[in-house]
Amino acid sequence: MSVATARHFAPKPGNKAVSLFRDKSQKYKQQKKPQSKPIPWVDVSDEEPRHKDDKNPLKRNGAVVNGQEQGQRRKKPRHSSNGEQKDSSSGAGPSSASKASAIQQQRKDLPIAQGREALIEEIRANDVTVLLGETEVPQYLLESGLAGNGMIAVTQPRRVAATSLAARVSQEQGTPLGQRVGYSVRFDEKSTSNTRIKYMTDGMIVRELLSDPMLSKYSVVVVDEAHERTLRTDLLLANLKEIINKRNEPSGKGKGNPDPLKIVVMSATLDAEKFSKFFHNAKVIYVKGRQHPVKIYHTAEHQLDYVDSAMRTFFQIHTDQPPGDVLIFLPGQEDIESLQASIDLFARQLPVDKPNVLTCAMFAAQAQNKNAQAFTPAPPNTRKCILATNIAETSITIPGVKYVIDTGKCKEKQFLARTGGGGLDTLLTRDITQSSAMQRTGRAGREGMGVCFRLYPESAFKAMAPSLEPEILRTSLTSSILQLKCLKQDIRELDLMDSPDDDSVLSAFKTLWILGALDQRQQLTDSGRKMAAFPVDPVYACAIVASAGYHCTSEVVDIISVISASSKLFVDISDQRDAVAEQRRKFRHPSGDHMTILNVLRAYEETSAGEGQSGRKDKAARKEWCRKHFLNERTLIEAQDIRSQLRTVCERENINWMESALKKTAGAAAGSVNADGVIYEEDPILKALGHGLCGNAAFLQPDGTYKQIMGPSTVKIHPSSVLCDKKMPAIIYDELVFTNHIYARGVSAIPKSFFATHEPFKQKSA
DNA sequence: GAGCACTGC
């Protein structure tokens with residue numbers, strides 16, 4: 001280790017930098033001005049081998065193990081007899097604290113190009129194999145004939161990964177996408193009966209479990225990115241463990257294996273042992289990765305203000321380091337915009353002999369075309385500086401990045417269960433995990449040697465949690481428990497890698513009971529079975545089922561389609577706030593956000609309607625209309641996909657989705673939303689929503705805040721709501737999020753009388 | 001008076 005000699009960038013004293021930091025934000029309270037003290041760096045990584053995989057930008061990198069190497073048991077995962085394998089499998093890290101370095105050592109043992117045959121042999125010999133590092137395992141399996149006549153499923157947590165990997169592999173195989181190699185994600189499937197490798201989201205294969213509990217179509221299931229431990233990956237792993245017990249007869253009992261299933265779990269290094277243990281000490285194989293080395297620097301001391309530290313680090317890089325773009329990881333939009341303003345300001349004061357600086361911000365709420373600017377190469381003599389949230393950590397790879405600045409912070413939603421039913425999401429800034437830090441570091445080494453500046457000491461890195469808590473421990477379980485009920489499984493009896501807290505389970509059971517999906521004995525009800533058929537949160541599934549009784553399924557399905565879409569409907573453009581507000585007023589409905597959403601959707605569908613046959617013209621008109629009204633068209637298009645899916649389910653469940661509460665007076669243009677002749681009968685719509693959201697309700701108090709009906713909290717209406725600052729006697733809301741306050745988001749007013757007469761509420765709130 | 005990132009029959 002050595003203290004690096006990087007000079008620091010000292011802003012001129014007395015300039016205006018201070019005012020750029022918003023002191024209303026708590027984390028800047030102590031902020032005086034950019035410190036003039038240099039940041040001492042400590043070099044901890046002399047030559048870490050990194051993956052290089054240009055062909056596969058979506059895949060996770062190998063780990064940057066943190067320096068020191070201890071002598072650990074080495075295992076050569078080469079050809080070995082079966083007897084030996086059982087032993088050596090537990091040798092992956094026999095209760096060792098510093099298994100990471102052992103793994104690092106072992107990773108070097110099997111460069112995949114030479115180890116391919118060995119790898120196939122290992123998988124052939126074992127029911128379950130845990131594989132570390134990135135490989136082209138699915139192709140090898142196919143080419144080796146190991147899969148027999150069955151299919152190979154490769155699961156991914158994200159749909160972009162599933163579709164793009166399928167595209168790449170089918171190209172390598174020289175076959176059209178959807179033939180030999182296909183994929184299956186929601187709304188989109190490209191596979192045929194000839195398909196041998198199917199890339200799919202983990203949610204999709206969990207869905208297949210409902211109709212095919214033995215996954216009999218597949219002879220190999222490759223669970224990729226297993227270390228991410230999504231809720232669906234965990235449920236899949238639990239079921240896979242059951243399935244191999246049933247499908248794979250132990251040899252020696254004379255029955256043979258007529259239809260065995262192979263499981264390959266692909267994971268990052270840190271979690272290998274846990275996966276191995278879960279599958280009764282399954283074989284672990286380490287694969288050497290291929291990426292350029294990344295030099296890692298930690299700060300010598302804790303940094304009080306990571307935004308300021310990031311700025312000074314950027315200018316240290318800019319003035320001292322050779323060309324190459326810089327990627328800065330920050331927790332959220334507020335920090336990004338503040339830092340961007342500071343960097344832009346100081347960049348204008350640079351000496352003329354220094355290259356220019358071009359900053360781009362990246363975060364999910366930002367308009368897509370603005371996010372896309374990060375991909376445009378910088379002009380000559382310009383260093384690009386990308387300021388990004390976690391969006392650039394896994395889902396997106398930005399070319400040209402040579403330097404990474406890691407603040408070590410992120411924002412994360414965490415669900416706080418309440419036994420009273422419902423719950424609360426927190427969205428707070430917190431420290432990242434070690435695997436996240438490694439992931440961020442890896443972003444510097446994709447095209448060549450890179451450098452990563454971590455704005456925290458090495459001791460802080462070591463103190464970080466190794467990886468994120470599995471999703472099953474930090475998310476609402478209502479949806480999963482309802483699904484499992486349909487499989488006749490009980491989450492408390494399932495053999496999971498991590499079992500959820502009792503609180504979380506009880507809270508979910510109570511919510512499902514309030515919704516009428518389960519009875520007092522926790523048995524699935526008829527309407528619960530209906531709800532489970534809808535691919536939306538049970539709260540909204542309940543509203544759809546209830547809407548039939550109010551004859552307004554058309555509107556309720558429309559609204560829920562938009563709420564369930566993955567991206568936000570309203571685009572934020574910080575520097576056009578007034579224009580945004582003005583456009584938004586056009587859709588505002590006095591009853592609140594739900595009817596406002598309906599207004600937007602209907603208005604969107606009316607644009608360019610009746611303009612003739614040209615579909616292309618309509619498309620362009622809609623796009624322009626969305627831009628003008630600061631709406632995210634992707635959300636609306638996705639909502640339409642979801643809607644057609646929901647309508648299909650309605651048909652299957654004998655709910656007439658065409659029933660509408662929309663009343664038109666004579667002469668009004670059909671469906672025109674804001675025309676005077678059109679009146680929504682919103683009461684039935686809100687009442688139907690109220691059936692689902694009755695646990696998410698609050699009454700106005702004299703001081704203007706709202707008090708939860710079925711919980712202890714005092715809540716405020718989120719500033720993004722059309723009802724913000726309005727005093728409504730009673731409200732329902734989509735969710736509670738705790739940031740600076742407990743905010744209700746997605747809010748509508750509902751008659752207070754609804755709660756007096758609403759049957760489930762009357763009985764169950766008592 | 002404010003918005004981490006994913007995903008599904």
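Since the model is a prediction, treat every value here as computed from it, not as a measurement. Every chain is numbered from 1, with letters handed out A, B, ... down the list of sequences.
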Exercise. Roughly, in whole Å, what's the span from CG in A:Asp641 to C1' in B:dG8?
Worked result: 13 Å

For this session: Show your working on side-chain hydrogen bond (donor to acceptor under 3.5 Å, both in side chains) between A:Ser435 and A:Ser467 and close with a plain yes or no.
Result: CA-CA 5 Å; A:Ser435 63; A:Ser467 50; 4.9 Å; no

Exercise. Which is true for A:Ala533 with a 4.0 Å heavy-atom rule: it touches a base, it touches only sugar-phosphate, or it touches nothing?
Worked result: base

Exercise. Once you round it to whole Å, what is the distance between P of B:dG8 and CD1 of A:Ile481?
Worked result: 21 Å

Exercise. Relative to the 5' end of DNA chain B, which residue comes earlier, A:Gly332 or A:Val649, by the nucleotide with the nearest heavy atom?
Worked result: A:Gly332

For this session: Find the distance A:Arg440:CZ to B:dC4:P and express it as a whole number of Å.
Result: 13 Å

Problem set entry | Nearest heavy atoms of A:Val571 and A:Ala365, plus distance in Å | CG1-O, 4.3 Å

For this session: Using modelled atom types only, decide if a donor and an acceptor are shared between the side chain of A:Tyr706 and the backbone of A:Met728 within a distance under 3.5 Å.
Result: yes

Exercise. What nucleotide, of B:dG1, B:dC4, B:dC6, holds the atom closest to the side chain of A:Tyr743?
Worked result: B:dG1

For this session: Output the single nucleotide from B:dA2, B:dG8, B:dT7 whose closest atom is nearest the side chain of A:Val160.
Result: B:dT7

For this session: Mind checking A:Ser564 for me? I need base, sugar-phosphate or nothing, with any heavy atom below 4.0 Å counting as a touch.
Result: nothing

For this session: Could you tell me whether A:Val536 contacts a base, only the sugar-phosphate backbone, or nothing, with contacts defined as non-hydrogen atoms closer than 4.0 Å?
Result: base

Exercise. When the distance from NZ of A:Lys411 to C1' of B:dA2 is rounded to whole Å, what number comes out?
Worked result: 9 Å

Problem set entry | Nearest listed nucleotide, side chain of A:Arg159, among B:dC4, B:dG8, B:dA2 | B:dG8

Exercise. Distance under 6.0 Å and angle within 45° of the ring axis: does A:Arg745 meet both against A:Tyr733?
Worked result: no

Problem set entry | Sugar-phosphate, base or nothing in reach of A:Phe363, heavy atoms under 4.0 Å | sugar-phosphate

Exercise. To the nearest Å, how far apart are A:Gln156 CD and B:dG8 P?
Worked result: 12 Å

Problem set entry | Nucleotide nearest A:Pro719 when distance is taken to its side chain, options B:dG1, B:dG3, B:dG8 | B:dG1

Seminar exercise, completed: Whole-Å distance, A:Asp224 CG to B:dC6 C1', equals 15 Å

For this session: Just call it for A:Glu471: base, sugar-phosphate, or nothing, with non-hydrogen atoms closer than 4.0 Å on any strand.
Result: nothing

Problem set entry | Selection from B:dC6, B:dC4, B:dG8 that lies nearest to any side-chain heavy atom of A:Thr389 | B:dC4

Problem set entry | Residue whose closest nucleotide on DNA chain B lies nearer the 5' end, A:Ser567 versus A:His741 | A:His741

For this session: Spell out, as yes or no, whether a donor-acceptor pair under 3.5 Å connects the side chain of A:Gln366 to the backbone of A:Ala361.
Result: yes

Seminar exercise, completed: Of all heavy-atom pairs linking A:Met200 and A:Ala153, the shortest is SD-CB, 3.9 Å

Exercise. The side chain of A:Thr201 lies closest to which of these nucleotides: B:dG8, B:dA5, B:dC4?
Worked result: B:dG8

Exercise. For A:Glu225 and B:dT7, what is the distance between atoms CD and P respectively, to the nearest whole Å?
Worked result: 13 Å

For this session: Specify the separation, in whole Å, of atom CD1 of A:Ile642 and atom C1' of B:dT7.
Result: 11 Å

